[in-house]
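Structure record follows, encoded as structure tokens.
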Amino acid sequence: MDPRSVGHALSQIADFLELKGENRFKSAAYRNAARAILAVQTDDLAPALASGELAELKGIGPATLSTIRELVESGESRYLEQLRSEIPEGLLEMLRVPGLGTAKIQKIHDALGVASLAELEDAARDGRLAKLPRFGPGTAAKILKGITYLRENSAYMLYPRALAESEPVLAAVRAHPGVESAMLGGSLRRRTEIVRDIDVVAACESPERVAAELARAPGVREAEARGSDAVTIQFVDGTVLDLHCVPPESFAVALWRATGSASHEREMIEHASSRGLSLAGNELRDASGARIPVPDERTLFDALDLAYVEPELREGRGEVAAASARALPTLIETSDIRGVLHCHSDYSDGKATIAEMAEAARALGWSYIGITDHSQSAFYAGGLKPDAVLAQHEEIDRLNSSNLGVLVLKGVEADILADGQIDYDQELLDRFDYVIASVHSRFSMDRETMTQRVLRALDDPHVTILGHPTGRLLLSRDAYAIDIEAVLEKAADKGVAVEINADPHRLDLDWRHLQLAKSLGCSFEIGPDAHSTRGLSNMSFGVGIARKGWLEASDVINTLSATEIRQRLRRRRAS
DNA sequence: GCCGTTTTCGGCCCGACTGTTTTCAGTCG
């Protein structure tokens, strides 16, 4: 069994224990065990279990180890099943409502017998909830808002999960004997940050027969035909596949159409008609109505006298006009990245040592890695007190003189305090090679106060990078209120690079702001925000977002060489 | 339930905000 599945089971046990009102340190122990397991870098835990490696992990003791053993050996845990039978599953769902914790859920369950999201919504609407002691109309309204947020977002998955789920689905479609070839389309191909369904386009000689057969495959809960060649298939685990089966000669246009976006499609159709062509259904036709053969997507763009538009750019944000003027950017590639600047170590809330992180960066072909642990005010993340900073710097000096094959830079992810000050004194800040300044607290400030807070932080000459500039957590927390344009203008003016945080939960700054930021003169840093060596692989998600934002390699500072990045970081300090 | 010992039991991140109260419980990061 893989770490993700075991970790999920342990987290569920922790949730159930909390809902049961067990000693909170007991649930915390299961949560810690889950975290420890998730940090194990393997696809199969069995060998690490057998070798005793798992038993050695900090946070795993006799009880959690026996649960893990059971999960790895049998795929199930009797303890988890036991808890499931005691506590309604609906309470677990309620735990996902923002603003609801275990204590409130227990009260609501005990007093009103509410055991599901739907019942909770009823109780919030009809006033029963507001009448509970220490609840009130404000709490009921907040819970309703939370339920709405959950509903709106629960149909979506983060990009990496959607990508992982698409792999077996695509493989199954390709394995069908009637399918000649198949490709992913939709928002997954456009690399949007959240994805609702998986789109697959399949070329087949008998589209309708293939679609019908795939709709009856094992694991399918229900299927609904949509037109003659498309079928929406829902699998038992909730994954939704939009399958488009088309004859081979229609494949390229069908793929283009299934990739979207809707506004890109509209712009393309208008462009075609302005040139006397028509793009209708899965066909391109000339003025006489004759069908123009389109063997692949590039031919489609060629036929419309357009440069090829990469899927990431197909968002209806001027890409068709730019393709027509041959003015599309040369998008950044993952291979352009030369180093990373946003990584945590075990000095704060990271899992790996600095040496392990550095070795992993070297193995990925990068020439430098910046270690940016949390600053002192970030208690919850083990932020570094000044003496820990000094100790860390000594360790980095030692590592750099030991022939690592990769340069380790002394960075910090320093909190922007409520008043806009950076979380260390100027003397200590002087000791870092660079500073990422991030907001980690007081998210609910009004827009003006928050904007002033961040603008003030940008005035500190130590600040080199503005970390995750809007604070959003995809599918769980909105961005805080801020005048992002004012912030970007100032960042450009001060020479502070704007982060594209590559953690798939963040992907912040949003790609929709990147063209504006670039036009204002901003430079960018793509940061993995890695809390383990595995977290370094977040970089590909960040690069995907940079591409969606029309960025080129030259816009991104961590495409610079180690020598150049050092100069660049010093330059900001001197200005 | 786990950890770390000043070995076998005490402590486990903690401060601010929110909505409720009129002093604080609950949630969040």
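Chain identifiers are assigned alphabetically (A, B, ...) following the order of the sequence lines, protein sequences preceding nucleic acid strands; residue numbering begins at 1 within each chain. Predicted model, so just to flag it, every value in this text is computed and none were measured.
Within 4.0 Å of A:Arg442, counting heavy atoms only, lie sugar-phosphate atoms of the nucleic acid but no base atom. Within 4.0 Å of A:Leu100, counting heavy atoms only, lie sugar-phosphate atoms of the nucleic acid but no base atom. Across all strands shown, A:Asn23 has heavy atoms under 4.0 Å from base atoms, whether or not it also approaches the sugar-phosphate. Using a 4.0 Å heavy-atom cutoff across all strands shown, A:Pro98 reaches sugar-phosphate atoms only and no base atom. Residue contacts for A:Leu57: at a heavy-atom cut-off of 4.0 Å it reaches the sugar-phosphate backbone alone, with no base atom in range.
As rounded to whole Å, 12 Å separates atom P of B:dA16 from atom CG of A:Leu417. Going from atom NE2 of A:His374 over to atom C1' of B:dC13 covers 13 Å, rounded to whole Å.
Here B:dG15 sits opposite B:dC28 as a Watson-Crick or G-U wobble pair (both hydrogen-bonding atom distances under 3.5 Å).
At least one donor-acceptor pair under 3.5 Å links the side chain of A:Glu356 to the backbone N or O of A:Thr353.
Mapping A:Phe25 and A:Thr139 onto DNA chain B by nearest heavy atom places A:Phe25 at the nucleotide closer to the 5' end. Comparing A:Phe135 and A:Ile105 by the nucleotide of DNA chain B that holds the closest heavy atom to each, the one mapping nearer the 5' end is A:Phe135.
Comparing the P positions of B:dT21 and B:dG26 gives an interatomic distance of 13 Å, to the nearest angstrom.
With salt bridges taken as basic N to acidic carboxylate O contacts below 4.0 Å, none links A:Lys385 and A:Asp387.
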Side-chain polar contacts of residues 88-114 of chain A - donor-acceptor pairs under 3.5 angstrom, sequence neighbours left out - could you list them?
from     : atom 1 : to       : atom 2 : distance (Å)
A:Gln106 : NE2    : A:Glu18  : O      : 3.2
A:Gln106 : NE2    : A:Leu19  : O      : 3.1
A:His109 : ND1    : A:Val114 : O      : 3.0

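Residues A:His440 and A:His468 bring their aromatic ring centres within 6.0 Å.
Scanning atom types as modelled, one donor and one acceptor separated by under 3.5 angstrom connect the side chain of A:Arg134 and the base of B:dC24.
Here B:dT18 is in the anti range [glycosidic angle more than 90° from 0].
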